[in-house]
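Step one of this worksheet: look at the structure below.
Keep in mind that the numbers below use all heavy atoms, side chains included, and drop hydrogens, waters and symmetry copies. One-based numbering, in listed order, for ligands and for the atoms of each.
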Amino acid sequence: MPMRNPIIVALDVPTAEAALKLVEQLTPVSGGFKIGSELFTCAGPDIVRRIRDTGAAVFLDLKFHDIPNTVAKAVAAAVRLDVQMLTIHTSGGLEMMRAAEASAQQTAKAAGRAAPLMLGVTVLTSFNGSTLAEIGCEPNVVTQVERLARLAVKAGLRGLVCSPLEISELRKILPANVQLVTPGIRTGAEKADDQKRTLTPREAIADGANWLVIGRPIYAAENPRAAAEKILESLK
Ligand code: C5P
């Protein structure tokens with residue numbers, strides 16, 4: 001991985017201009033930038049190219065979930081954009097995940113570069129027992145997360161996105177080389193928002209996270225660069 005530090009800044013902004021401004025300010029103090037559905041839908045694949053052109057690493061968080069053939073083709077398109085990480089839903093099943101990983105490996109090989117880290121999303125943090133039951137799933141969130149995590153490893157995925165409070169449990173059941181990426185990071189200095197289950201950056205790394213996805217505590221800070229520097233400092 002060409003990433004330098006574990007902080008991935010979520011670029012949850014609606015325009016290419018706002019995203020590029022953050023990239024310019026934050027490149028020296030972040031390990032990469034996450035492009036999610038909002039920015040990608042507003043600014044398209046061009047924003048990925050423009051951020052990659054600056055040399056920064058990109059995490060494309062579009063959470064693909066479709067039939068295996070379609071996901072494989074979407075993954076190939078993402079690999080051709082030269083992203084360093086991307087997400088798929090583990091609930092898409094074993095065959096879909098295997099097709100995604102195979103497509104990433106083949107497309108990267110053809111382009112002469114290393115395959116990106118394919119991350120499986122297990123149970124969204126907006127879900128609880130009753131929302132899982134509502135869609136006919138195992139209603140115990142922990143059981144469902146562990147089940148999907150094991151399935152992702154079986155499919156050959158080398159990374160998972162997980163909530164901060166799942167890190168230590170997953171570390172107990174997963175091979176040590178599986179990389180864990182966690183959002184829901186809060187320093188305690190910011191205003192309360194919709195993240196309910198949070199850890200500080202230091203706690204998440206101590207529990208076994210490899211990468212921290214941090215949005216509002218950085219981009220909504222009065223001085224995003226200073227906020228990122230402070231977080232980085234707290235990890236030393
Ligand atoms: O602003 P904040 O630090 O909460 O941003 C977290 C980022 O991680 C957002 O882009 C959000 O979509 C994403 N995310 C999350 N919880 C998940 C998965 C992704 O907050 N379970």
Enumerate, atom names and distances included, each donor-acceptor pair closer than 3.5 Å involving a side-chain atom of residues 10-23, sequence neighbours excluded.
| unit_1 | atom_1 | unit_2 | atom_2 | d |
| --- | --- | --- | --- | --- |
| T15 | OG1 | A18 | N | 3.1 |

Task: Pocket residues of ligand 1, ordered first by chain and then by residue number (heavy-atom cut-off under 4.0 Å) - done: A10, D12, K34, T125, P183, R186, Q195, V213, I214, G215, R216, P217
Task: Heavy-atom neighbours of K63 NZ exceed 12 at 6.0 Å - done: yes
Task: R147 atom CZ, neighbour heavy-atom count above 12 within 6.0 Å - done: no
TODO: Any pair with a residue in residues 87-126 that passes ring pair (Phe, Tyr, Trp, His ring centres under 6.0 Å), sequence neighbours left out, goes on the list, sorted by first then second residue, please.
DONE: H65-H89
Open item on the list: Please evaluate residues E38 and T41 with respect to the criterion side-chain hydrogen bond (donor to acceptor under 3.5 Å, both in side chains), reporting the C-alpha separation (whole Å), side-chain torsions for both, the decisive distance (0.1 Å), and the verdict.
Closed with: CA-CA 5 Å; E38 181 191 14; T41 306; over 6 Å; no
- [ ] May I have all residue pairs that pass side-chain hydrogen bond (donor to acceptor under 3.5 Å, both in side chains) and include part of residues 227-236, sequence neighbours excluded?
- [x] R225-E229, E233-K236
